[in-house]
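Naming: A, B, ... by sequence-line order, numbering from 1 per chain.
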There are 2 protein chains.
Amino acid sequence: MTTETRKSEIINTAAKLFKHKGYSAVTMRDLAQAMGIKAASLYNHIESKQAILEYIIINIAEEFTLGMQTVLNSDLNTIQKLEAIIKLHVSIANQNPEGMAALNNDWMHLEERRDYYLELRQQYESNIRFIIDEGIAKNNLKNLSTDVVLFSILSTLRSLYLWIPKKDQLDVNELSSDLSEVLIGGINK
Amino acid sequence: MTTETRKSEIINTAAKLFKHKGYSAVTMRDLAQAMGIKAASLYNHIESKQAILEYIIINIAEEFTLGMQTVLNSDLNTIQKLEAIIKLHVSIANQNPEGMAALNNDWMHLEERRDYYLELRQQYESNIRFIIDEGIAKNNLKNLSTDVVLFSILSTLRSLYLWIPKKDQLDVNELSSDLSEVLIGGINK
DNA sequence: TATTTAAACTAACAAGTGTTAGTTTTTTTA
DNA sequence: TAAAAAAACTAACACTTGTTAGTTTAAATA
């Protein structure tokens with residue numbers, strides 16, 4: 001359990017380094033230095049560099065999948081579902097922006113678990129697409145290109161990790177509602 | 001001039017590889033193999049790996065800066081200016097999605113020219129911010145958080161490179177206008 | 001056709017890579 | 001306090017990295 005703590009420290013430190021330079025450019029010696037130990041000592045706590053990436057990415061991906069299930073099983077209407085998804089993203093990005101960076105930029109360096117990640121990701125996307133289509137069918141959303149709407153929302157939400165760390169002391173509810181206003185209501189008068 | 005052609009071939013091939021795995025994970029031997037030659041032969045045409053990255057990123061960054069100047073010097077209104085910027089992004093992303101990937105994901109691996117790139121990028125952002133503020137002041141845009149509006153638009157436009165290659169035979173005008181509709185007009189009825 | 005130039009090659013370098021083995025030090029537990 | 005466990009260490013490995021030097025082949029020019 002001390003190991004578990006130390007392991008998390010390593011993973012969190014790694015995530016920070018990955019955010020700055022990307023998985024490939026971060027060496028085990030970089031990571032060790034950031035932890036104040038030697039590279040070989042890292043292996044008392046983690047199995048491999050690859051395993052660190054897996055921990056970071058798969059945990060977040062499964063957190064998103066879980067959040068999506070909650071939304072899908074709710075009786076919210078289309079707009080409310082989209083608002084819930086926006087809040088899910090703000091919340092996770094706020095809690096772990098470094099991990100989100102790795103998920104967005106380094107997933108292609110996953111080995112064994114790459115396909116699993118891609119499966120979760122694709123499933124997540126189809127679920128949002130389904131919600132948008134439903135909204136258009138029920139006349140809750142304008143009849144726009146589903147692809148363009150999906151792309152626009154998801155691009156913004158996926159980039160949150162870049163933006164959130166700049167704001168100190170973030171109010172998740174406030175940002176979520178501001179984002180919903182812009183993404184759903186548009187900006188022109 | 002034969003050299004110039006060969007050099008461009010190398011740079012374009014590199015951009016494709018960078019898009020898939022990122023700058024750090026692509027080796028000169030990978031690049032050589034993709035070109036059908038040996039790694040050492042690359043150096044008859046390019047100065048270094050770093051120089052390839054510079055060519056890719058700085059060219060695009062300057063193209064954006066140029067496009068922004070045209071927009072700023074025009075007498076378009078706020079909405080039209082934003083539409084012009086959207087079209088600028090769609091056009092560049094469509095013409096060079098691999099380069100856009102490198103610009104978005106590998107700029108931090110620039111060495112000498114990193115600061116120059118960041119300067120162009122920051123200037124570009126402030127210009128959009130200025131247009132949004134002007135729009136709010138002139139009552140052409142809703143009175144929303146400038147930061148959130150800027151972030152939402154820019155995130156979407158910066159992610160275009162991920163989405164465009166999937167669509168074959170893209171109509172730049174059509175996508176630009178669809179995007180404008182969603183980003184500016186919103187999606188709810 | 002002879003010569004220059006462009007573009008490929010082989011061989012090698014110094015430095016850096018993730019990781020393992022074996023050992024010592026520090027901390028926790030009995 | 002003695003024993004056990006955790007966490008650090010040094011040293012080394014096999015391999016990969018970007019790049020250079022020197023050479024050979026192919027193409028363009030005179």
Side-chain angles (χ1 to χ4, degrees), chain A residues 1-58 98 102 105-114, chain B residues 1-58 98 102 105-114:
Chain A
M1 47 196 62
T2 309
T3 302
E4 206 48 48
T5 297
R6 201 76 177 122
K7 184 170 180 172
S8 320
E9 278 183 66
I10 291 175
I11 291 172
N12 291 334
T13 304
K16 263 174 217 161
L17 297 183
F18 291 169
K19 186 183 179 198
H20 280 115
K21 315 203 297 172
Y23 175 76
S24 302
V26 175
T27 72
M28 296 303 276
R29 285 166 182 85
D30 289 339
L31 177 53
Q33 188 165 40
M35 292 290 301
I37 61 179
K38 299 286 170 170
S41 307
L42 292 168
Y43 289 84
N44 284 318
H45 308 281
I46 52 97
E47 306 81 58
S48 63
K49 189 187 180 189
Q50 174 69 199
I52 296 177
L53 189 65
E54 289 176 3
Y55 281 113
I56 296 173
I57 293 183
I58 301 296
E98 292 87 12
N105 304 322
D106 289 320
W107 61 265
M108 71 283 279
H109 299 118
L110 286 173
E111 291 161 14
E112 281 84 9
R113 314 215 65 179
R114 190 169 185 255
Chain B
M1 45 196 63
T2 309
T3 302
E4 205 48 48
T5 298
R6 201 78 178 120
K7 184 170 179 172
S8 320
E9 279 184 64
I10 291 174
I11 292 172
N12 291 335
T13 304
K16 264 176 216 159
L17 297 183
F18 291 169
K19 185 182 179 196
H20 281 115
K21 314 204 295 172
Y23 175 75
S24 302
V26 174
T27 71
M28 295 303 275
R29 285 163 181 85
D30 289 339
L31 176 53
Q33 187 164 41
M35 291 289 301
I37 60 179
K38 299 286 169 171
S41 308
L42 292 168
Y43 290 84
N44 284 319
H45 307 281
I46 52 96
E47 306 81 59
S48 64
K49 188 187 181 190
Q50 173 70 198
I52 296 176
L53 188 65
E54 289 178 2
Y55 280 114
I56 296 174
I57 294 183
I58 301 296
E98 292 87 12
N105 303 321
D106 289 319
W107 62 264
M108 71 283 279
H109 299 118
L110 286 173
E111 291 162 13
E112 280 85 8
R113 314 214 67 179
R114 189 170 185 255

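OP1 and OP2 of dC9(D) both lie 4.0 Å or more from every side-chain N or O belonging to K38(A). For the OP1/OP2 pair of dC9(C) and a distance below 4.0 Å, the side-chain nitrogens and oxygens of S41(B) include at least one atom meeting the criterion. Distances shorter than 4.0 Å separate none of the side-chain N or O atoms of T27(B) from OP1 or OP2 on dT16(D). One finds no side-chain N or O of H45(B) lying less than 4.0 angstrom from the OP1 or OP2 phosphate oxygen of dA6(C).
The distance between atom CZ of R6(B) and atom C1' of dA26(D), rounded to the nearest whole Å, is 13 Å. If you take CD1 of I37(B) and P of dT25(D), they are 18 Å apart, rounded to a whole angstrom. Atom C1' of nucleotide dT17(C) and atom OH of Y23(A) are separated by 12 Å, given to the nearest angstrom. One can place CG of L42(B) at 11 Å from C1' of dA8(C), the figure rounded to the nearest angstrom. The nearest whole Å value for the distance from the CG atom in L31(A) to the C1' atom in dA8(D) is 15 Å. If you measure from atom NZ of K49(B) to atom P of dT16(D), you get 15 Å, rounded to the nearest angstrom. As a whole-Å value, the separation of I46(B) CD1 from dT19(D) C1' is 10 Å. With rounding to whole Å, I10(B) atom CD1 is found 15 Å from dA6(C) atom P.
Side-chain atoms of N12(A) and E98(A), non-hydrogen and from C-beta on, never get closer than 4.5 Å to each other. Looking only at side-chain heavy atoms (C-beta outward), H109(B) and S24(B) come within less than 4.5 Å of each other.
No more than 12 heavy-atom neighbours from other residues, nucleotides or ligands sit within 6.0 angstrom of CD on Q33(A).
For M28(A), counting side-chain heavy atoms from C-beta on, the closest listed nucleotide (dA7(D), dT19(D), dT19(C)) is dT19(C). For A40(B), whose side chain is taken as the heavy atoms from C-beta onward, the closest listed nucleotide among dG18(D), dG18(C), dT10(C) is dT10(C).
Contact annotation: side chain of R29(B) to base of dG18(D), donor-acceptor pair present below 3.5 Å. On a pure distance criterion of 3.5 Å, a polar donor-acceptor pair joins the side chain of N44(B) and the base of dA8(C).
Remark: the Y23(B) side chain and the K49(B) side chain contain no N/O donor-acceptor pair separated by less than 3.5 Å.
Within the model, atoms NE2 of H45(A) and OG1 of T5(A) stand 11.0 Å from one another, a figure rounded to the nearest 0.5 Å.
Comparing E47(A) and D30(A) by the nucleotide of DNA chain C that holds the closest heavy atom to each, the one mapping nearer the 5' end is D30(A).
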